[in-house]
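Residue numbers start from 1 in every chain, and the chains themselves are labelled A, B, ... in the order their sequence lines are given, proteins ahead of strands.
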Amino acid sequence: MPWHDHRQFIEVDTPRDFSFVEGLVYLGRSSLECMHRVKGGALYRRLRIDTWDLVVKIEMPGERLCVHFLNATPPQWARAEVAHTVWAMFDLGVEIDAFYELAEADPILRGLCRKYRGLRIVKMEDLFEALCWAIIGQQITLGFAYTMKRRLVETYGQRLVFGGEPYYLFPTPQALAPLAEEDLRVLQFSRSKAGYIIEIARRFDGGQLRQTDLADLEDYQELKARLMALKGVGPWTADYVILKCFRHRQAFPIADVGLQRALQIVLGRDNKPSLSEIRALAKPWTGWEAYAAFYLWRVLYD
DNA sequence: ATCCAGGAGTCCG
DNA sequence: CGGACTCATGGA
(Lines give C-alpha, C1' and ligand atoms only; values in the text may rest on other atoms or scores of the structure.)
Protein backbone atom coordinates (compact mmCIF):
# COMPACT_ATOMS: atom_id res chain seq x y z
CA MET A 1 0.00 0.00 0.00
CA PRO A 2 2.42 2.69 -1.20
CA TRP A 3 1.62 6.25 -0.27
CA HIS A 4 3.33 9.61 -0.47
CA ASP A 5 3.59 12.18 2.27
CA HIS A 6 3.09 15.88 1.72
CA ARG A 7 2.36 16.82 5.33
CA GLN A 8 -0.92 18.63 4.77
CA PHE A 9 -2.11 15.98 2.37
CA ILE A 10 -1.14 12.49 1.34
CA GLU A 11 -1.36 10.59 -1.91
CA VAL A 12 -2.25 6.92 -2.09
CA ASP A 13 -1.32 4.82 -5.08
CA THR A 14 -4.23 3.05 -6.71
CA PRO A 15 -4.31 -0.23 -8.61
CA ARG A 16 -5.56 -0.70 -12.14
CA ASP A 17 -9.29 -1.01 -12.46
CA PHE A 18 -10.24 1.44 -9.79
CA SER A 19 -12.81 4.09 -10.55
CA PHE A 20 -12.97 6.78 -7.89
CA VAL A 21 -15.89 8.33 -9.74
CA GLU A 22 -17.86 5.09 -9.34
CA GLY A 23 -17.03 5.15 -5.64
CA LEU A 24 -18.45 8.65 -5.44
CA VAL A 25 -21.59 7.57 -7.28
CA TYR A 26 -22.14 4.99 -4.57
CA LEU A 27 -21.31 7.34 -1.71
CA GLY A 28 -23.48 10.06 -3.18
CA ARG A 29 -26.43 7.80 -3.88
CA SER A 30 -28.60 9.45 -1.26
CA SER A 31 -28.89 13.12 -0.45
CA LEU A 32 -30.13 12.03 2.98
CA GLU A 33 -26.77 10.57 4.04
CA CYS A 34 -25.47 12.30 7.16
CA MET A 35 -22.05 10.69 7.65
CA HIS A 36 -20.35 12.18 4.62
CA ARG A 37 -20.81 14.59 1.77
CA VAL A 38 -19.99 14.27 -1.93
CA LYS A 39 -19.34 17.63 -3.54
CA GLY A 40 -17.41 18.79 -6.57
CA GLY A 41 -15.90 15.42 -7.34
CA ALA A 42 -14.62 14.97 -3.80
CA LEU A 43 -15.65 13.16 -0.65
CA TYR A 44 -15.76 15.07 2.63
CA ARG A 45 -15.97 13.24 5.90
CA ARG A 46 -14.80 12.93 9.45
CA LEU A 47 -12.06 10.44 10.27
CA ARG A 48 -11.08 9.31 13.72
CA ILE A 49 -7.50 8.04 13.93
CA ASP A 50 -6.73 7.12 17.50
CA THR A 51 -6.94 10.46 19.32
CA TRP A 52 -6.79 12.43 16.09
CA ASP A 53 -10.08 13.87 15.01
CA LEU A 54 -9.79 14.76 11.34
CA VAL A 55 -11.90 16.39 8.70
CA VAL A 56 -10.66 15.19 5.32
CA LYS A 57 -11.31 15.86 1.68
CA ILE A 58 -10.65 12.89 -0.58
CA GLU A 59 -10.29 13.34 -4.31
CA MET A 60 -8.50 11.78 -7.22
CA PRO A 61 -7.20 14.40 -9.61
CA GLY A 62 -4.76 12.03 -11.29
CA GLU A 63 -3.55 8.51 -10.78
CA ARG A 64 -3.48 8.75 -7.01
CA LEU A 65 -6.04 9.22 -4.31
CA CYS A 66 -5.43 12.49 -2.53
CA VAL A 67 -6.42 12.99 1.10
CA HIS A 68 -6.34 16.58 2.36
CA PHE A 69 -6.31 17.31 6.08
CA LEU A 70 -8.60 20.26 6.50
CA ASN A 71 -8.73 20.86 10.22
CA ALA A 72 -5.39 19.69 11.59
CA THR A 73 -1.95 18.43 10.71
CA PRO A 74 -1.75 14.90 12.05
CA PRO A 75 1.64 13.36 12.82
CA GLN A 76 3.34 11.04 10.38
CA TRP A 77 2.14 7.83 12.02
CA ALA A 78 -1.45 9.05 11.85
CA ARG A 79 -1.04 10.00 8.21
CA ALA A 80 0.15 6.47 7.53
CA GLU A 81 -2.94 5.20 9.28
CA VAL A 82 -5.12 7.43 7.11
CA ALA A 83 -3.49 5.99 3.99
CA HIS A 84 -4.34 2.51 5.22
CA THR A 85 -7.89 3.51 6.06
CA VAL A 86 -8.51 4.98 2.62
CA TRP A 87 -6.95 1.96 0.98
CA ALA A 88 -9.36 -0.27 2.86
CA MET A 89 -12.31 2.07 2.34
CA PHE A 90 -12.16 1.63 -1.43
CA ASP A 91 -11.18 -2.04 -1.29
CA LEU A 92 -8.01 -1.33 -3.24
CA GLY A 93 -6.36 -4.58 -2.18
CA VAL A 94 -8.77 -6.77 -4.10
CA GLU A 95 -7.47 -8.24 -7.32
CA ILE A 96 -10.56 -7.61 -9.32
CA ASP A 97 -9.28 -9.16 -12.56
CA ALA A 98 -10.53 -12.56 -11.53
CA PHE A 99 -14.01 -11.13 -11.04
CA TYR A 100 -13.99 -9.54 -14.48
CA GLU A 101 -12.81 -12.76 -16.01
CA LEU A 102 -15.66 -14.62 -14.38
CA ALA A 103 -18.08 -11.88 -15.39
CA GLU A 104 -17.19 -12.10 -19.06
CA ALA A 105 -18.69 -15.57 -19.11
CA ASP A 106 -21.83 -14.51 -17.25
CA PRO A 107 -24.82 -13.02 -19.05
CA ILE A 108 -25.85 -10.89 -16.08
CA LEU A 109 -22.48 -9.63 -14.87
CA ARG A 110 -20.87 -9.08 -18.25
CA GLY A 111 -22.77 -5.92 -19.07
CA LEU A 112 -22.50 -4.56 -15.55
CA CYS A 113 -18.75 -5.00 -15.38
CA ARG A 114 -18.23 -3.33 -18.72
CA LYS A 115 -20.48 -0.44 -17.84
CA TYR A 116 -19.22 0.16 -14.30
CA ARG A 117 -15.64 -0.92 -14.74
CA GLY A 118 -13.46 0.03 -11.81
CA LEU A 119 -16.27 0.01 -9.30
CA ARG A 120 -15.07 -1.51 -6.06
CA ILE A 121 -16.98 -2.25 -2.91
CA VAL A 122 -17.04 0.82 -0.72
CA LYS A 123 -16.36 -0.41 2.79
CA MET A 124 -17.34 0.80 6.23
CA GLU A 125 -14.46 0.78 8.66
CA ASP A 126 -16.57 0.54 11.79
CA LEU A 127 -18.41 -2.72 12.48
CA PHE A 128 -20.66 -1.16 15.10
CA GLU A 129 -21.80 1.48 12.65
CA ALA A 130 -22.39 -1.12 9.95
CA LEU A 131 -24.45 -3.30 12.30
CA CYS A 132 -26.55 -0.35 13.44
CA TRP A 133 -27.12 0.80 9.88
CA ALA A 134 -28.12 -2.66 8.71
CA ILE A 135 -30.51 -3.17 11.61
CA ILE A 136 -32.02 0.25 11.04
CA GLY A 137 -32.52 -0.61 7.39
CA GLN A 138 -34.37 -3.85 8.01
CA GLN A 139 -37.82 -3.93 6.48
CA ILE A 140 -38.29 -0.19 6.01
CA THR A 141 -37.85 2.13 3.07
CA LEU A 142 -34.37 3.54 2.63
CA GLY A 143 -35.63 7.08 2.97
CA PHE A 144 -37.00 6.38 6.39
CA ALA A 145 -33.87 4.44 7.30
CA TYR A 146 -31.72 7.48 6.52
CA THR A 147 -33.99 9.62 8.63
CA MET A 148 -33.70 7.22 11.56
CA LYS A 149 -29.92 7.10 11.22
CA ARG A 150 -29.69 10.87 11.08
CA ARG A 151 -31.73 11.20 14.25
CA LEU A 152 -29.49 8.65 15.98
CA VAL A 153 -26.34 10.38 14.79
CA GLU A 154 -27.53 13.89 15.62
CA THR A 155 -28.68 12.82 19.07
CA TYR A 156 -25.86 10.53 20.18
CA GLY A 157 -23.02 11.16 17.75
CA GLN A 158 -20.35 13.80 18.08
CA ARG A 159 -20.79 16.86 15.95
CA LEU A 160 -18.08 19.11 14.59
CA VAL A 161 -18.74 22.12 12.42
CA PHE A 162 -16.08 22.88 9.86
CA GLY A 163 -16.40 25.38 7.03
CA GLY A 164 -19.98 25.97 8.04
CA GLU A 165 -20.88 22.30 7.52
CA PRO A 166 -21.59 19.68 10.19
CA TYR A 167 -19.44 16.56 10.38
CA TYR A 168 -20.42 13.69 12.66
CA LEU A 169 -18.77 10.76 14.30
CA PHE A 170 -21.13 7.83 14.53
CA PRO A 171 -22.36 7.20 18.09
CA THR A 172 -19.99 4.95 20.00
CA PRO A 173 -21.12 1.79 21.75
CA GLN A 174 -20.31 3.59 25.00
CA ALA A 175 -22.78 6.31 24.08
CA LEU A 176 -25.61 3.89 23.27
CA ALA A 177 -25.01 1.21 25.89
CA PRO A 178 -26.62 3.17 28.76
CA LEU A 179 -29.79 3.91 26.79
CA ALA A 180 -33.20 2.45 27.47
CA GLU A 181 -35.49 1.32 24.66
CA GLU A 182 -37.65 4.38 25.11
CA ASP A 183 -34.72 6.65 24.29
CA LEU A 184 -34.62 5.22 20.78
CA ARG A 185 -38.35 4.77 20.44
CA VAL A 186 -38.78 8.55 20.54
CA LEU A 187 -36.55 8.57 17.44
CA GLN A 188 -39.19 6.27 15.85
CA PHE A 189 -37.20 3.09 16.28
CA SER A 190 -39.38 0.05 16.74
CA ARG A 191 -39.17 -1.64 20.10
CA SER A 192 -37.23 -4.55 18.66
CA LYS A 193 -34.73 -2.44 16.72
CA ALA A 194 -34.09 -0.30 19.79
CA GLY A 195 -33.49 -3.41 21.84
CA TYR A 196 -31.18 -4.99 19.26
CA ILE A 197 -29.01 -1.92 18.91
CA ILE A 198 -28.71 -1.26 22.63
CA GLU A 199 -27.84 -4.87 23.31
CA ILE A 200 -25.17 -4.85 20.61
CA ALA A 201 -23.79 -1.58 21.97
CA ARG A 202 -23.50 -3.24 25.38
CA ARG A 203 -21.69 -6.23 23.89
CA PHE A 204 -19.13 -3.93 22.30
CA ASP A 205 -18.89 -1.78 25.40
CA GLY A 206 -18.41 -4.80 27.61
CA GLY A 207 -15.71 -6.23 25.36
CA GLN A 208 -17.60 -9.44 24.53
CA LEU A 209 -17.85 -8.28 20.94
CA ARG A 210 -14.75 -6.96 19.21
CA GLN A 211 -14.28 -6.13 15.57
CA THR A 212 -10.67 -7.28 15.58
CA ASP A 213 -11.66 -10.71 16.91
CA LEU A 214 -14.16 -11.19 14.12
CA ALA A 215 -11.78 -9.82 11.50
CA ASP A 216 -9.36 -12.58 12.45
CA LEU A 217 -11.84 -15.28 11.55
CA GLU A 218 -10.73 -16.91 8.34
CA ASP A 219 -13.89 -18.90 7.79
CA TYR A 220 -16.82 -17.04 6.25
CA GLN A 221 -19.44 -19.43 7.65
CA GLU A 222 -18.05 -19.10 11.13
CA LEU A 223 -18.00 -15.33 10.89
CA LYS A 224 -21.56 -15.30 9.65
CA ALA A 225 -22.64 -17.59 12.45
CA ARG A 226 -20.96 -15.38 15.03
CA LEU A 227 -22.78 -12.34 13.71
CA MET A 228 -26.11 -14.18 13.55
CA ALA A 229 -25.70 -15.14 17.18
CA LEU A 230 -26.59 -11.53 17.91
CA LYS A 231 -30.26 -10.84 18.37
CA GLY A 232 -31.53 -8.83 15.45
CA VAL A 233 -28.89 -10.11 13.09
CA GLY A 234 -30.31 -12.57 10.59
CA PRO A 235 -28.84 -13.85 7.32
CA TRP A 236 -29.43 -10.61 5.45
CA THR A 237 -27.82 -8.39 8.08
CA ALA A 238 -24.89 -10.74 8.56
CA ASP A 239 -24.12 -10.87 4.85
CA TYR A 240 -24.63 -7.14 4.42
CA VAL A 241 -22.23 -6.41 7.25
CA ILE A 242 -19.64 -8.90 6.00
CA LEU A 243 -19.84 -7.35 2.55
CA LYS A 244 -19.36 -3.85 3.96
CA CYS A 245 -16.86 -4.56 6.73
CA PHE A 246 -14.90 -7.72 6.13
CA ARG A 247 -12.74 -9.21 3.41
CA HIS A 248 -14.83 -12.30 2.72
CA ARG A 249 -16.16 -12.03 -0.80
CA GLN A 250 -18.73 -14.83 -0.47
CA ALA A 251 -21.12 -12.58 1.39
CA PHE A 252 -24.37 -12.42 -0.55
CA PRO A 253 -27.45 -10.78 0.98
CA ILE A 254 -29.79 -12.82 -1.15
CA ALA A 255 -32.94 -11.65 0.62
CA ASP A 256 -32.11 -8.03 -0.16
CA VAL A 257 -35.01 -6.25 -1.82
CA GLY A 258 -32.66 -3.92 -3.66
CA LEU A 259 -30.76 -6.87 -5.07
CA GLN A 260 -34.00 -8.42 -6.25
CA ARG A 261 -35.10 -5.14 -7.81
CA ALA A 262 -31.75 -4.81 -9.58
CA LEU A 263 -32.02 -8.33 -10.97
CA GLN A 264 -35.53 -7.59 -12.15
CA ILE A 265 -34.21 -4.55 -14.03
CA VAL A 266 -31.21 -6.35 -15.51
CA LEU A 267 -33.32 -9.30 -16.58
CA GLY A 268 -35.94 -6.97 -18.00
CA ARG A 269 -38.75 -8.70 -16.18
CA ASP A 270 -41.98 -7.43 -14.76
CA ASN A 271 -41.61 -9.22 -11.44
CA LYS A 272 -38.85 -9.87 -8.96
CA PRO A 273 -36.99 -13.18 -9.21
CA SER A 274 -37.61 -15.66 -6.42
CA LEU A 275 -34.92 -16.67 -3.98
CA SER A 276 -34.45 -20.01 -5.69
CA GLU A 277 -34.10 -18.28 -9.06
CA ILE A 278 -31.48 -15.96 -7.62
CA ARG A 279 -29.66 -18.90 -6.10
CA ALA A 280 -29.50 -20.51 -9.54
CA LEU A 281 -28.38 -17.29 -11.23
CA ALA A 282 -25.68 -16.78 -8.60
CA LYS A 283 -24.22 -20.26 -8.97
CA PRO A 284 -21.45 -19.10 -11.32
CA TRP A 285 -20.57 -16.22 -9.01
CA THR A 286 -19.03 -18.45 -6.37
CA GLY A 287 -16.31 -16.63 -4.50
CA TRP A 288 -17.36 -13.23 -5.86
CA GLU A 289 -20.93 -12.98 -4.62
CA ALA A 290 -20.27 -9.77 -2.72
CA TYR A 291 -18.95 -8.06 -5.83
CA ALA A 292 -21.83 -9.38 -7.88
CA ALA A 293 -24.27 -7.89 -5.38
CA PHE A 294 -22.44 -4.58 -5.31
CA TYR A 295 -22.44 -4.32 -9.08
CA LEU A 296 -26.12 -5.19 -9.18
CA TRP A 297 -26.93 -2.50 -6.62
CA ARG A 298 -25.18 -0.06 -8.89
CA VAL A 299 -27.96 -0.20 -11.46
CA LEU A 300 -30.27 1.30 -8.84
CA TYR A 301 -28.21 4.50 -8.67
CA ASP A 302 -28.41 5.45 -12.33
C1' DA B 1 -57.32 1.14 3.84
C1' DT B 2 -53.83 -1.61 1.79
C1' DC B 3 -49.39 -2.85 0.47
C1' DC B 4 -44.60 -2.42 0.64
C1' DA B 5 -39.93 -1.57 2.45
C1' DG B 6 -32.14 -3.09 1.57
C1' DG B 7 -35.96 -8.80 7.81
C1' DA B 8 -35.84 -11.30 12.18
C1' DG B 9 -37.69 -14.44 15.63
C1' DT B 10 -40.28 -18.40 16.61
C1' DC B 11 -42.54 -22.63 16.05
C1' DC B 12 -43.45 -26.88 13.72
C1' DG B 13 -42.89 -31.14 11.04
C1' DC C 1 -33.14 -27.83 7.37
C1' DG C 2 -37.40 -25.36 4.91
C1' DG C 3 -41.85 -23.35 5.38
C1' DA C 4 -45.59 -20.66 7.71
C1' DC C 5 -46.80 -17.33 10.91
C1' DT C 6 -46.05 -13.17 13.79
C1' DC C 7 -44.03 -8.81 14.88
C1' DA C 8 -43.05 -3.94 13.87
C1' DT C 9 -43.30 0.93 11.84
C1' DG C 10 -43.76 4.67 8.68
C1' DG C 11 -44.49 5.93 3.75
C1' DA C 12 -46.82 5.80 -0.74
Side-chain angles (χ1 to χ4, degrees), chain A residues 25-35 112 119 121-124 127 129-153 155 180-201 203 209 221-222 224-246 250-267 269-282 285 289-302:
Chain A
V25 168
Y26 176 79
L27 288 162
R29 67 194 183 284
S30 173
S31 57
L32 302 173
E33 177 61 61
C34 63
M35 295 302 294
L112 296 176
L119 172 65
I121 292 179
V122 179
K123 300 281 189 176
M124 294 176 76
L127 174 59
E129 179 179 347
L131 280 167
C132 289
W133 172 232
I135 288 170
I136 287 172
Q138 289 169 2
Q139 198 61 15
I140 60 174
T141 60
L142 274 174
F144 182 50
Y146 279 113
T147 299
M148 285 173 72
K149 180 169 83 162
R150 181 175 46 73
R151 288 177 182 150
L152 183 71
V153 166
T155 308
E181 277 183 19
E182 303 80 67
D183 296 318
L184 294 182
R185 295 216 61 201
V186 300
L187 305 183
Q188 285 179 286
F189 282 60
S190 68
R191 198 181 307 281
S192 50
K193 285 186 184 180
Y196 299 154
I197 286 176
I198 291 169
E199 175 58 25
I200 289 173
R203 295 281 182 96
L209 187 54
Q221 294 296 348
E222 187 182 349
K224 185 170 176 178
R226 289 275 287 272
L227 290 168
M228 285 177 61
L230 300 166
K231 268 207 182 296
V233 179
W236 175 83
T237 303
D239 276 321
Y240 179 84
V241 163
I242 293 171
L243 185 158
K244 290 289 289 180
C245 265
F246 295 94
Q250 308 99 307
F252 192 57
I254 188 168
D256 184 79
V257 177
L259 189 66
Q260 296 165 11
R261 221 168 48 231
L263 276 168
Q264 176 182 342
I265 293 172
V266 172
L267 296 171
R269 293 174 29 164
D270 56 356
N271 59 351
K272 286 186 293 200
S274 67
L275 294 188
S276 57
E277 285 179 278
I278 298 179
R279 256 179 228 114
L281 293 170
W285 307 343
E289 291 91 336
Y291 263 81
F294 205 71
Y295 270 71
L296 280 163
W297 282 336
R298 175 62 180 81
V299 309
L300 305 174
Y301 312 140
D302 268 333

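Taking atom CG of A:Asp256 as the reference point, atom C1' of B:dC4 lies 14 Å away to the nearest angstrom. A:Tyr146 has its OH atom 16 Å from the P atom of B:dA5, to the nearest Å. The distance from atom CG of A:Leu275 to atom C1' of B:dG7 is 12 Å, rounded to the nearest whole Å. Rounded to an integer number of Å, the gap from CD of A:Gln138 to P of B:dC4 is 19 Å. What separates CG of A:Leu131 from P of B:dA8 is a distance of 12 Å, to the nearest Å. The interatomic distance linking A:Lys193 (NZ) with B:dG7 (C1') rounds to 8 Å, in whole Å.
Within 6.0 Å of CZ on A:Arg191 lie no more than 12 heavy atoms contributed by other residues, nucleotides or ligands.
Residue contacts for A:Thr237: at a heavy-atom cut-off of 4.0 Å it reaches the sugar-phosphate backbone alone, with no base atom in range. Residue contacts for A:Lys272: at a heavy-atom cut-off of 4.0 Å it reaches the sugar-phosphate backbone alone, with no base atom in range. Backbone-only engagement by A:Lys231 is indicated by non-hydrogen atom pairs under 4.0 Å involving sugar-phosphate atoms exclusively. Residue contacts shown for A:Pro235 are limited to sugar-phosphate atoms, with no base heavy atom under 4.0 Å away. Counting any heavy atom pair closer than 4.0 Å across all strands shown, A:Leu230 reaches sugar-phosphate atoms only and no base atom.
Proximity of A:Arg150 to A:Val153: side-chain heavy atoms (C-beta onward) are nowhere separated by under 4.5 Å.
Using modelled atom types, one side-chain atom of A:Tyr291 and one backbone atom of A:Ile121 make a donor-acceptor pair closer than 3.5 Å. Checked by atom type and distance alone, the side chain of A:Lys193 pairs as donor or acceptor with a backbone atom of A:Gln138 at under 3.5 Å.
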Item to check | Annotated protein contacts, base or backbone, on nucleotides 2-12 of chain C with a non-hydrogen cut-off under 4.0 Å, one of B, S, - each | outcome: ------BBS--
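Listed by chain and number, the residues in a side-chain hydrogen bond (donor to acceptor under 3.5 Å, both in side chains) with A:Lys244 are A:Tyr26 (sequence neighbours excluded).
A:Ala262 and A:Val299 make their closest contact through CB-CG2, 3.6 Å (heavy atoms, listed as atom of the first residue, atom of the second, distance).
Take the nearest nucleotide of DNA chain B for A:Tyr196 and for A:Arg261: the residue whose nucleotide is more 5' is A:Arg261.
If you take atom P in C:dC5 and the same atom in B:dC3, they sit 16 Å apart, rounded to whole Å.
When only modelled atom types and interatomic distance are considered, A:Ser274 and A:Glu277 share a side-chain donor-acceptor pair under 3.5 Å.
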